Every structure is written in C-alpha cells, then in structure tokens.
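In what follows, a single structure is set out as structure tokens and then discussed.
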Number of protein chains: 2
Amino acid sequence: MLTITTIKDLAKYLNISVSTVSRALNNHHDVNQTTRENVLQAVEKLNYRPNSVARSLIHKKTYTIGLMVPDIADPFFSSIAVGVEQTLSNNGYQVIYGNTSRDSLKEKQFLESILDRKVDGVILTPNILDQESISTLEKLEIPRVLLRRRTPALLDIPFIDVDHYGGACKAINHLISKGHTNIGFLGMASDSFTSNERLRGYLDTMKKHQLKVSARNQKTAGRTIESGSFAMEALYRESPDITAVFASNDLIGIGALEWLKMEQINVPEQMAVIGFDNLEMSELYSFQLTTIAQPRKQMGQLAAELLLRIINEEENKDSIILETNLIERKTC
Amino acid sequence: MLTITTIKDLAKYLNISVSTVSRALNNHHDVNQTTRENVLQAVEKLNYRPNSVARSLIHKKTYTIGLMVPDIADPFFSSIAVGVEQTLSNNGYQVIYGNTSRDSLKEKQFLESILDRKVDGVILTPNILDQESISTLEKLEIPRVLLRRRTPALLDIPFIDVDHYGGACKAINHLISKGHTNIGFLGMASDSFTSNERLRGYLDTMKKHQLKVSARNQKTAGRTIESGSFAMEALYRESPDITAVFASNDLIGIGALEWLKMEQINVPEQMAVIGFDNLEMSELYSFQLTTIAQPRKQMGQLAAELLLRIINEEENKDSIILETNLIERKTC
DNA sequence: CTGAAAGCGCTTACAG
DNA sequence: CTGAAAGCGCTTACAG
C-alpha cells in the first residue's frame, strides 16, 4: 500500500507548495477548486494523514484530556469513565486515563506527566483533598473539573457531584417512614468526604426526628463487599437492638446483606438495609437492595461537558450538584 | 509562582545557548558540571518542564499507547485495563483508552485518531474479526497486540489470550467427574470467538465421554446477567432432564443461578452450574459459583509487557496463551 | 490563488 | 565544553 507521511512529500508529488497543500487540507476558502480536488485525491490515493503531534505543537492544542480515577475496576468509576469517554470522543477529544490506586505519589506523577503532554484539560477524582493535593491542584493552570469531590472553599475549581447529604436524608427518612427508630450506620473510611456527608445526613435526620444516635451504632467498613460484611457483623454484635441500617454505599450494603443471609437474619423483617449508589448488581434477585441512586454515567457526561465549556470559554462554568433518587426494592 | 515554559526563555535567563540547556537537561555527559547545576537550579526555580509534544515530534516517539476495549464498564475489561495501565505507567507510557461499545465505526474512528496522534503502539480487543476489521488491522503499521482474541491465521499479530477450549474441557470434565451425564450449554453470542471456543471444548469433551449432545441442550444468552436468566429458563423448559449446565461466562452463570433461585430449584442438588471467568462477584456468599478462572489483571500486564517488547524490538514477541484454573465452590 | 519564510518547542550533528 | 544551524511536520501571516 502506498503511503506518504509528510505534507512535504505530498507537495512534492503534486508539484505545488506545502502551504497550498496545507490550506487545501484545512478547508481554507482561498484555494483554487481544482487544486483542492487534486490535493484531496492525492491524499486519498497516498493514504496521507496529517501528523497531529505537529499540529498540536503549532495550535497549542492536543485534543486530549486526562482522566484521573482511583480505580477503574471500581464499577462506580468505570461507569463514569464510559460517560466521559463517550462525550469527549464525540467532540473530537481523546482521553488519557490514569489509575491512582488512591496513592498520592501516583496522582502526582500522573498529573505531571499529562501536563508535560499538554493535555487540554483534566477531569480528576483526587483521593483526599489534603493540603498537598490542594496546592498541586492550585498550580494546575489548565481547565479542570473535579469529579465526585467538592471543592474546598479556598479553591475555585468547578466540580460535578451528587448531593450526598440530601441522599442520606432521603434514605433515613425512608427508613423512619417504615417505622424504624433504631437505625445503624455503616460508613466508608472516615477521611472520605463522601462518607462524611452521608454520615451528616444520617445524623441530622435522626436528630430531626428526635431519634437517638450513638457511636456504637456507627461502624466503619472499607471499600469492599467483604468489609461490609465485617462491619455489619460488628454492628450487630454490639447493637443487636437496631432494626435497620443505612450502608453508606451499595458495596457495603451488599456485604451487610451477605452476612445477614449467612446468619439467617431475615431482611427486611429482622433487619432492614438501605444502600447508596445503585450499582448494577444491587438489582439482582439475590439482593434487591433498596438504595439511593446516583446517575453515574451521566456524571461522567456532565463532567466532560463542563470541561468542554471551560476549554471553549463558554458561559456557565458552574459546578453541578445532582439530585439522588430513592429506588425502592426489597430490603426495606 | 514563577513559571517559564520554553527552553529558549530558560536559556535567555541563564545567558547560555539553548543547545547547552538541552544537553544539561538530557544528561549528556559533555556538559560542564557548573553549567549543569545552574541549569538544574533554574529549572527548579522557574518551574520549567520540557514540552513533550515538541520532544515527540523530534524523537518520533510519544510514549503513549492506545487501548481499545468494547466496554470499560464490563468488569472483565476494567480489570484488564488496570493491568495495562499499571505496567505501562511504570514504564513511562500513558494510555489513551477508547470504548467501542462493539461498534465497528467507533473502532475505526478510534484507531484512526490514535494513529494520527502517533501512539507508539496499541492494545486492542476488536469486537469481531470480520474481513473489514482484519484489513484495518493489517494496515496498522505500528506495534500492536491483540487482547483476548486469536489472530486469524492470515494475520501475524501477537495476542494474549486464555485457553478457552482447554478451560471448557476442564469445566465439563469436572461436571462429569461429579456424575453428570446430561449437561447443557449456555453460550454467548454465536459470532463470539471466545464463546465458540468454549462450545468446542464442551462438545469435544462430551463426545470423548460418549455423552449425548443436542441442539436443544444449547442456548444462547447475551452479555448480561439477565440474559443468563432467560437462557437458563429456556434451557430448563426445553430440556428439564439436564442435571448440570456449563455457562460460558460468569455473568451468564450468575443469571442462571438467579433464575434457579427464583424457581426454587436447588443448586447443586437439582441443577449444577459451572461458569467461566471468575469475576469478583462470583465468590460472594449468595452465589459461590464454581468457575474456570482466567487471570484478568495479569492478562493486561502481559499484553502491556509484550507490546513493550515489540516496541523496544526485544526478543520474544510470541503470543501467549494462558492456562485457566478450576475454582471449586458450591454450585457443582 | 500561491509560494517562501518564519515559527511552534525542542534535539542533535557539526564546528569550534 | 559550547553555540549556531538545521530540522521534526506542520500552519500562518506576508508578499506577490
């Protein structure tokens, strides 16, 4: 197969100047119709494709964006990644993705590396917004949006997130409406913003209804289903009087369900469970977990759209907080 | 914060030539020790970082690779993506990922787009190797490896895959060793190479043991758990005499389990089930699916390593077929 | 409408 | 050890 790789060779082949070829290729109006057609034909015939690295250097635009996530194998983030990629590729952008495994060194390396590559923007879910990562983010001089993390007051970075607090309130209100008064909480890591917001919703709603909360009704799980089982066990052992639990995410909720099933504790009769996230697996017959849904794929799309707006300097660069939805199934 | 963005400005600041700065930056030995230190200090002070787009243009090397997957939200591919990203980023490469949604137009667009961007290599899982995609692949003149797809004889592209046929044989042998003689098969789409290989293992092993196979003992599911439930139902309705089923992947197997649970058909007493993949969720207490494990993350790593070997023109660019592992749990 | 020249931000022979 | 020049593959004023 014939292939020509530079505009120079193409120009030579056509016996015209490089500038004319370039103009024809870029749809400039001031090119003779015949010339343009000749160029286009030659492009076809010789399989010429412009080198976009060279183009990027001139235009100072790479049409790539960076996507930094803690773990693409986490179904939460993989759905988001689908939304991001879809929106971006539809707009001619490509996505460089980095898994940080929640390691701040990897976060830093990924950021440096994409900055060197001159990405046009970046969508990030930093693990924890500590002082160091805040200062790193502040130094970022390119368009950026935060995914699933609120901007600390001092920073002016737009974000896409879900109303964790409001969602938690919905969950607890639902439990209360079912007659529960003694409700436990299964949290994620205590340094997690998300978890803390959901905890706050739990606490406030309980108090609003004058229901008792206590430290022993609150347990911390981790990032796995298994950790949810352990946390449920710990909670149940210490507070066997609770009749319902709010799991701060579905993975933990499913873990709780698993342990309850093992112990033959009936759900929802003996123990009601409500989750948060609405993962695909939560709707399986084996779980049918009542949960608070957040639109994951849409979050990815919105983040990409917001970033695009910032890149194109359009109006409306405001953060977006999405509403959650109660999905009632069989566990409460 | 002071920031200087070009080597030219840096040279001006230091009152030396651009070439010397470049040499100092790139650790050439023929630079005066003091000069080098001055440069490095200035780099630090002025936060200078070389533009890697410009570097790429000269070196004809971008240190990026393309990863094309059907669907990153499929747990199978997200695990692979983790392995790929990890290995590649450890070697200074970044990964541009594309979700094709099994759409051949998107496959084509993604490939064109990364080729224009001059990626150094590409790891692909094309959906179906039909004539057109084969010809597209043949035209690919950069290092490439196929993931989870065998190269058709006519093509000389290395691949990483698992021994689907052998794994299926293991599955059926296991079922037979448990005394089953009437075994059904739940397949994926009939144009799927993977599914057909697993079917072949089923068929051959059945025949080897002189066991009867028939079209009505074979049903086709889709890509979802739900489709597995439907296929299980169809199979059971038509062939209620079977005592075991080989689900060609875990998603289908879990779907089958779900339907059996709904119908209160005991597993494994009334119906044994074995899957293929060993997804994380298969080990949950609610499923405990016996299955054939394939090392997903490792496949990603191996694919990345193989690609790196090809890029660096090292020895040993052979395809790798990985062995599977029987994971015995509670469903047969 | 077309071409020559300069330049994007770098690197690398080459000469000194 | 250092600098000037050419060049990677393009684009874009500028002049004609």
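The structure presented is a predicted model; accordingly, all values stated were derived computationally and were not measured. Per chain, numbering begins at 1; letters A, B, ... match sequence-line order.
- Inter-residue side-chain proximity for A:Ile96 and A:Ile65 is flagged as unmet; no heavy-atom pair is nearer than 4.5 Å.
- For A:Asp120 and A:Lys61, the salt-bridge test passes: some basic side-chain N is under 4.0 Å from an acidic carboxylate O.
- Of the residues in residues 27-34 of chain B, those lying under 4.0 Å from DNA chain D by heavy-atom distance are B:His29, B:Asp30, B:Val31, B:Asn32.
- Nucleotide D:dA13 is matched to nothing when pairs are restricted to Watson-Crick or G-U wobble geometry with both distances under 3.5 angstrom.
- At a threshold of 4.0 angstrom between heavy atoms, the contacts of B:Thr5 are confined to the sugar-phosphate backbone, with no base atom among them.
- Positionally, the nearest nucleotide of DNA chain D for B:Ala54 lies more toward the 5' end than for the other of B:Ala54 and A:Arg23.
- Here A:Ser56 lies out of heavy-atom contact (under 4.0 Å) with every strand.
- Residues A:Ile58 and B:Asn26 each lie close to DNA chain C; by heavy-atom proximity, the contact nearer the 5' end of the strand is made by A:Ile58.
- Looking at B:Lys106 and A:Ser89, their side chains do bring a donor and an acceptor atom within 3.5 Å of each other.
- Contacts of B:Val53 with the nucleic acid, taken as non-hydrogen atoms under 4.0 Å apart, are absent.
- Between A:His164 and A:Phe193, the ring planes lie perpendicular to each other; the angle is over 60°, past the 30° to 60° tilted range.
- Using a 4.0 Å heavy-atom cutoff across all strands shown, A:Ser19 reaches at least one base atom of the nucleic acid.
- Side-chain atoms of A:Arg296 do not come within 3.5 Å of backbone N or O of A:Ala81 as any donor-acceptor pair.
- Between A:Tyr97 and A:Glu85 the shortest side-chain heavy-atom distance does not fall below 4.5 Å.
- Along DNA chain D, the stretch of nucleotides lying under 4.0 Å from any heavy atom of chain B spans, 5' to 3', D:dC1 to D:dG9.
- Side chains of B:Lys45 and B:Tyr13: a donor-acceptor N/O pair is present below 3.5 angstrom, by distance only.
- Counting any heavy atom pair closer than 4.0 Å across all strands shown, A:Ser52 reaches no nucleic acid atom.
- B:Thr3 contributes atom OG1, which lies 12.5 Å from atom OH of B:Tyr48 (distance to the nearest 0.5 angstrom).
- Nucleotide D:dA4 forms a pair with no other nucleotide shown, judged by Watson-Crick or G-U wobble geometry with both contacts under 3.5 Å.
- Between the side chains of A:Thr34 and A:Asn32, at least one donor-acceptor pair of N or O atoms lies under 3.5 Å.
- Under the 3.5 Å distance criterion, with hydrogens and angles disregarded, no donor-acceptor pair is assigned to the side chains of B:Ser19 and B:Ser22.
- Side-chain contact check for B:Arg23 versus B:Asp30: some heavy-atom pair is nearer than 4.5 Å.
- Within residues 109-122 of chain A, no residue has any heavy atom closer than 4.0 Å to DNA chain D.
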